[in-house]
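All chains are named by letter (A, B, ...) in the order of the sequence lines, taking the proteins before the strands, and each is independently numbered beginning at 1. These numbers were taken from a predicted model, which means no experiment stands behind them.
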There are 2 protein chains.
Amino acid sequence: MRKRGYPLSEQLMDALEERGYRDTAPRRTVARAIAEKERHFAAEELREQLPGIGRATVYRSLKILVEAGALCRVLLEDGNLHYQLSHRGHHHHLLCVECGASEDLMGCDIEDRLESVADAHNFQVSGHWLEVYGKCQTCRAELPASA
Amino acid sequence: MRKRGYPLSEQLMDALEERGYRDTAPRRTVARAIAEKERHFAAEELREQLPGIGRATVYRSLKILVEAGALCRVLLEDGNLHYQLSHRGHHHHLLCVECGASEDLMGCDIEDRLESVADAHNFQVSGHWLEVYGKCQTCRAELPASA
DNA sequence: TCATAAATGATACCTGGTATCTGAAGACGA
DNA sequence: TCGTCTTCAGATACCAGGTATCATTTATGA
């Protein structure tokens, strides 16, 4: 849950401290860089942006932030794995293939539908992965060719 | 579409020939190995099973079989990519996390639901990726603990 | 302040996959 | 059946993204 009134990077650090992780300078640097991201990003992209921070540290930080629910993984259409700031709790993404924007899809009824379809196969659902690709509102307006 | 009455490996070869690929001994070997698979499998697993076939050949064969629609990719819960024989056409998988079985989900109405949810966000859907994880009928019967 | 556990960064390694290149094999017309 | 042309195969080098290892540094709490 992103809260207003204090910096996003602090919220990331808080999420780590809640889970017993220490407050260190490299982690703050990573958190600040992530907090400035407006889009989903690749791990390697983040690393290149932080030449002073070790590779392992960047990857470790991403991993624990995902565990803490502050970041989530995004699977791109080309199979690459990206990260983005997360509303905690289960949700999906509408990913724009034009501009890379991503919109969160929360509290939709796709889960219910899945459950009932799976039920019909006597299958007990424990999890799922869903990413939706397409064109966002802005890009539809800019490129109305196939709208 | 898998047809009855002639070997699956022949159907795989046919799918390749339809697309202009040649009928070669290594490809037949790969096709036969794939045809015997009852589960989704990793590329590397297939390769180890075929020590006489070059690494590149195995990967190339998988690639063109996917392009030809005879195989499809499966994203496992742990993020690994596997392959499995495909009913041609768009479908999803119910993947059992206990035994690895996978059931195809065709002609369900999840797409429609996606469309309408996306519509509400002024988002034009062009594609999606969906995998469903859980427990299949057989495993539910064997391990009724959390059924 | 100090002891201790945790974190860091350098680096080696691993996994899964692709690119390159040379020789071999299939396709096909004469 | 032969010759030619194209595709294919296999070896191997390479690459990307990520993890393991380990000596050193740092945060933390008594």
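Distance CZ (R28(B)) to C1' (dA9(D)): 17 Å, rounded to an integer number of Å. Distance R55(A) CZ to dC15(D) C1': 11 Å, rounded to the nearest Å.
Pairs engaging residues 95-118 of chain B under the ring pair (Phe, Tyr, Trp, His ring centres under 6.0 Å) rule: none recorded [sequence neighbours left out]. A ring pair (Phe, Tyr, Trp, His ring centres under 6.0 Å) check over residues 12-61 of chain B, counting only residues at least two apart or in different chains, returns the pairs H40(B)-H82(B).
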Between the protein and nucleotides 20-30 of chain D, list the N/O to N/O atom pairs that are separated by less than 3.5 angstrom.
from    : atom 1 : to     : atom 2 : distance (Å)
dA27(D) : N3     : R22(A) : NH1    : 3.3
dT28(D) : OP1    : D23(A) : N      : 3.4

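Comparing the helix axis at one end of the helix from dT1(C)-dA30(D) to dA30(C)-dT1(D) with that at the other, each defined from 5 consecutive pairs, gives an inter-axis angle of 30° (nearest 10°).
A heavy atom lying under 4.0 Å from DNA chain D marks the following residues of residues 33-48 of chain A, by number: A43(A), E44(A). Within residues 66-81 of chain B, no residue has a heavy atom under 4.0 Å from DNA chain C.
Nucleotides of DNA chain C with any atom under 4.0 Å from a heavy atom of chain A span, from 5' to 3', dA5(C) to dA10(C).
Here H128(B) pairs with H90(B), H92(B) under the ring pair (Phe, Tyr, Trp, His ring centres under 6.0 Å) rule; sequence neighbours left out. Legend: residues meeting side-chain contact (heavy atoms from CB on, under 4.5 Å) with D119(B), ordered by chain and number and at least two apart, are absent. T29(B) meets the side-chain hydrogen bond (donor to acceptor under 3.5 Å, both in side chains) test with no other residue; sequence neighbours excluded. Every residue two or more places apart in sequence or in another chain that forms a side-chain hydrogen bond (donor to acceptor under 3.5 Å, both in side chains) with E131(B) is listed here: H93(B), W129(B).
No contact: G20(B) has no heavy atom under 4.0 Å from any strand.
Of all heavy-atom pairs between Y133(A) and F123(B), the closest is C-CE2, 3.8 Å. Heavy-atom minimum distance, Q84(B) versus S102(B): OE1-OG, 2.8 Å. Nearest heavy-atom pair, C96(A) versus C99(A), reported as atom, atom and distance to 0.1 Å: SG-N, 3.5 Å.
Between Y59(A) and dG18(D), a side-chain N or O to OP1/OP2 separation shorter than 4.0 Å is present.
A salt bridge does not link E142(A) to K135(A): none of the charged nitrogens lies less than 4.0 Å from a carboxylate oxygen.
Note: R113(B) CZ to D112(A) CG = 9.0 Å, rounded to the nearest 0.5 Å.
Side-chain contact check for H91(A) versus D104(A): some heavy-atom pair is nearer than 4.5 Å. Between L85(B) and L8(B) the shortest side-chain heavy-atom distance falls below 4.5 Å.
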Listed pairs under 3.5 Å, donor-acceptor, residues 50-58 of chain A side chains, sequence neighbours left out:
from   : atom 1 : to     : atom 2 : distance (Å)
R55(A) : NH1    : E44(A) : OE1    : 3.4
R55(A) : NH1    : E44(A) : OE2    : 3.1

(message) Quick one, R39(A) with E45(A), criterion salt bridge (charged side-chain N to carboxylate O under 4.0 Å, His left out). Give me CA distance, side-chain angles, the key distance, then yes/no.
(response) CA-CA 12 Å; R39(A) 299 263 131 96; E45(A) 181 188 331; over 6 Å; no

